[in-house]
Amino acid sequence: MKHRHLLVYLALVFLCVWGGTSAFAEDADMNAYTKNTPIQAVIHDPAFGDYGRLIFPVDEGYMSGDTLGSLRLTWYNNIDPDKTVEIANFLRTRALNGETIFYDIYTEEEKAADPAKRDSGLFFFKGTPGARFAVCNAGGGFAYVGAMQDSFPHALELSKKGYNAFALIYRPGAQTACEDLARAISFIFEHADELEVDTSDYSLWGGSAGGRMAAWVGSYGTAFFGEPDYPRPAAVILQYTGHSEYSELDPPTYACVGRNDGIASWQLMQQRLELLHQLGTDTEFHVYPGLLHGFGIGTGTVAEGWLNDAVAFWEKHMQNEG
């Protein structure tokens, strides 16, 4: 049955494309995807070109479900099917409207030398031109990238608030992930005019393994990972990560986690922030009763709205006028 749905969908796409792109352009704001849309139909939608495969995990064995509504990701909970559909439609609409929604961060020469770099890049959730930016980093145990739950929703909500948000697709592995994040920051700074972003007082966001990335790069800086020495972020926003390192170089840090998280200890997270606070670093910590690991933006849970608190924390540490 799923194959028949996919064939019907691809046939419609084929007719629209070969019948003239105006069929897409005129209805680019329509909700083409639903919870019943096959994931493979999104991946292979001509609107996305080659990068459609990066919307979902490219590493096998960490994703289940055939449709947008049935998507499941290893180690994640509270996935909201409506948000998954909204994100997919958001990306498709902007792509069909001629906006660039994906950027390679490595050159063709670099990707030829290291083919794994072909599975990296930045999805751009554009906000107000000239506004500050954030880079959102999904977790996945450094085994895969769970963007649809752990970075795309955050980036979408930040863009609704006017901020320019990027979701990084990186090479799994602690070292390579941090290298990719440092390169992403470098790319954004070097292309700030083209991207129409303000590079002052940016923020790094991350959940689980993505939280470790944000904390490491925020603390050590981009030069430590092979890029030019760009300014550190104004704030780091962390979710459910067991990251325990801390130093006086850590930026102001906001963190949240579920009390029932069996992967990232809320006590450990709280202890780290208390130690940072003792060093003079501003921190804010929230723990939510009953929540498990990987609740994302927390839609429909006791954590719903936490992102607003995190944005307020970031804004508190913006020193320069935009």
Distance in Å, [X] [atom1] paired with [Y] [atom2], rounded so as to fall on 0.5 Å steps:
{"X": "Glu194", "Y": "Thr100", "atom1": "CD", "atom2": "OG1", "result": "7.5 Å"}
{"X": "Leu168", "Y": "Ile185", "atom1": "CG", "atom2": "CD1", "result": "9.0 Å"}
{"X": "Phe123", "Y": "Ile55", "atom1": "CZ", "atom2": "CD1", "result": "5.0 Å"}
{"X": "Asn164", "Y": "Leu195", "atom1": "CG", "atom2": "CG", "result": "8.0 Å"}
{"X": "Ile297", "Y": "Asp150", "atom1": "CD1", "atom2": "CG", "result": "11.0 Å"}
{"X": "Asn137", "Y": "Ile237", "atom1": "CG", "atom2": "CD1", "result": "12.0 Å"}

Note to self: Can you tell whether the side chains of Asp104 and Arg118 come within less than 4.0 Å, N to carboxylate O?
What the structure shows: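 No, no charged N to carboxylate O under 4.0 Å.
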
Check: Any Lys/Arg nitrogen of Lys117 or Glu179 sitting under 4.0 Å from an Asp/Glu carboxylate oxygen of the other?
Finding: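 Not counted as a salt bridge, because no side-chain N and carboxylate O are separated by less than 4.0 Å.
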
Next item on the list: May I ask you to check if Arg94 and Phe90 form a cation-pi contact, with NZ or CZ under 6.0 angstrom from the six-membered ring centre and within 45° of the axis?
Entry: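 Yes, a cation-pi geometry holds between Arg94 and Phe90.
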
Next item on the list: With Tyr202 as reference, evaluate Phe189, Tyr230, Phe166, Trp314 under the ring-ring contact (aromatic ring centres under 6.0 Å, His included) test and give the passing residue.
Entry: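 Answer after filtering Phe189, Tyr230, Phe166, Trp314: Phe189.
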
Notebook entry, point to check: Per the ring-ring contact (aromatic ring centres under 6.0 Å, His included) rule, which among Phe102, Phe124, Tyr103 passes with Tyr51?
Noted result: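 Testing Tyr51 for a ring-ring contact (aromatic ring centres under 6.0 Å, His included) against Phe102, Phe124, Tyr103 leaves exactly one candidate, Phe102.
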
With no hydrogens and no angle check, is any side-chain donor or acceptor of [X] less than 3.5 Å from a backbone partner on [Y]?
{"X": "Tyr254", "Y": "Leu307", "value": "no"}
{"X": "Asn89", "Y": "Ala32", "value": "yes"}
{"X": "Thr176", "Y": "Pro172", "value": "yes"}
{"X": "Asp250", "Y": "Ser247", "value": "yes"}
{"X": "Asn78", "Y": "Gly298", "value": "no"}
{"X": "Thr74", "Y": "Tyr62", "value": "yes"}
{"X": "Thr253", "Y": "Thr283", "value": "no"}
{"X": "Arg259", "Y": "Gly290", "value": "no"}

Next item on the list: Please test Ile263 against Tyr240 for side-chain contact (heavy atoms from CB on, under 4.5 Å), starting from the C-alpha separation and ending with a verdict.
Entry: CA-CA 8 Å; Ile263 297 175; Tyr240 34 78; over 6 Å; no

Minimal non-hydrogen separation, [X] against [Y], with atom names:
{"X": "Asn77", "Y": "Gln149", "result": "O-NE2, 3.0 Å"}
{"X": "Ala209", "Y": "Gly140", "result": "CB-N, 4.2 Å"}
{"X": "Tyr246", "Y": "Leu276", "result": "CB-CD2, 3.6 Å"}
{"X": "Phe142", "Y": "Ala177", "result": "CE2-CB, 3.9 Å"}
{"X": "Arg171", "Y": "Asp114", "result": "NH1-OD2, 3.0 Å"}
{"X": "Gln239", "Y": "Gly296", "result": "NE2-O, 2.8 Å"}

Side chain to side chain, [X] and [Y], heavy atoms closer than 4.5 Å:
{"X": "Phe48", "Y": "Val42", "value": "yes"}
{"X": "Arg272", "Y": "Leu275", "value": "no"}
{"X": "Thr281", "Y": "Glu248", "value": "no"}
{"X": "Leu181", "Y": "Cys178", "value": "no"}
{"X": "Tyr170", "Y": "Val145", "value": "yes"}
{"X": "Asp66", "Y": "Ile39", "value": "no"}
{"X": "Ser151", "Y": "Phe125", "value": "no"}
{"X": "Leu158", "Y": "Cys136", "value": "yes"}

Next item on the list: Apply the test side-chain contact (heavy atoms from CB on, under 4.5 Å) to residues Phe152 and Thr84: give CA-CA distance (whole Å), side-chain angles for both, the deciding distance (0.1 Å), then the verdict.
Entry: CA-CA 9 Å; Phe152 288 169; Thr84 301; over 6 Å; no

Margin query: Show every side chain to side chain donor-acceptor pair (under 3.5 Å) that has at least one partner inside residues 303-312, sequence neighbours left out.
Written below: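 Sorted pair list: Lys161-Asn308.
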
Margin query: I need the full list of side chain to side chain donor-acceptor pair (under 3.5 Å) pairs touching residues 203-218, with sequence neighbours left out, sorted by first then second residue.
Written below: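 Listed once each, the pairs are Ser203-Trp205, Ser208-His293, Trp216-Glu245.
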
Margin query: We want to know whether Glu315 and Tyr163 form a side-chain donor-acceptor pair, criterion being a heavy-atom distance below 3.5 angstrom.
Written below: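 Result is yes, a qualifying pair exists.
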
Item checked: Donor + acceptor pair across side chains of Tyr33, Asp45 (<3.5 Å) ->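 On atom types as modelled, these side chains qualify, holding a pair under 3.5 Å.
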
Give a yes or no on whether [X] atom [atom1] has more than 12 heavy-atom contacts from other residues, nucleotides or ligands under 6.0 Å away.
{"X": "Tyr288", "atom1": "OH", "answer": "yes"}
{"X": "Gln267", "atom1": "CD", "answer": "yes"}
{"X": "His277", "atom1": "NE2", "answer": "no"}

Check: When clusters are formed by joining ILVMFWY residues with side-chain heavy atoms under 4.5 Å apart, either directly or through shared neighbours, do Trp266 and Leu268 land in the same one?
Finding: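 No, Trp266 and Leu268 fall in different hydrophobic clusters.
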
Notebook entry, point to check: Yes or no on side-chain contact (heavy atoms from CB on, under 4.5 Å) for Asp261 and Met269, after CA distance, side-chain angles and deciding distance?
Noted result: CA-CA 11 Å; Asp261 193 319; Met269 290 186 68; over 6 Å; no

Margin query: salt bridge (Lys or Arg N to Asp or Glu O under 4.0 Å) for Lys316 and Glu284? Distances and angles first, verdict last.
Written below: CA-CA 12 Å; Lys316 181 173 69 171; Glu284 185 174 333; 5.2 Å; no

Margin query: One pair to check against side-chain contact (heavy atoms from CB on, under 4.5 Å): Ser120 and Ile105. What are the steps and the verdict?
Written below: CA-CA 7 Å; Ser120 65; Ile105 56 176; 4.2 Å; yes

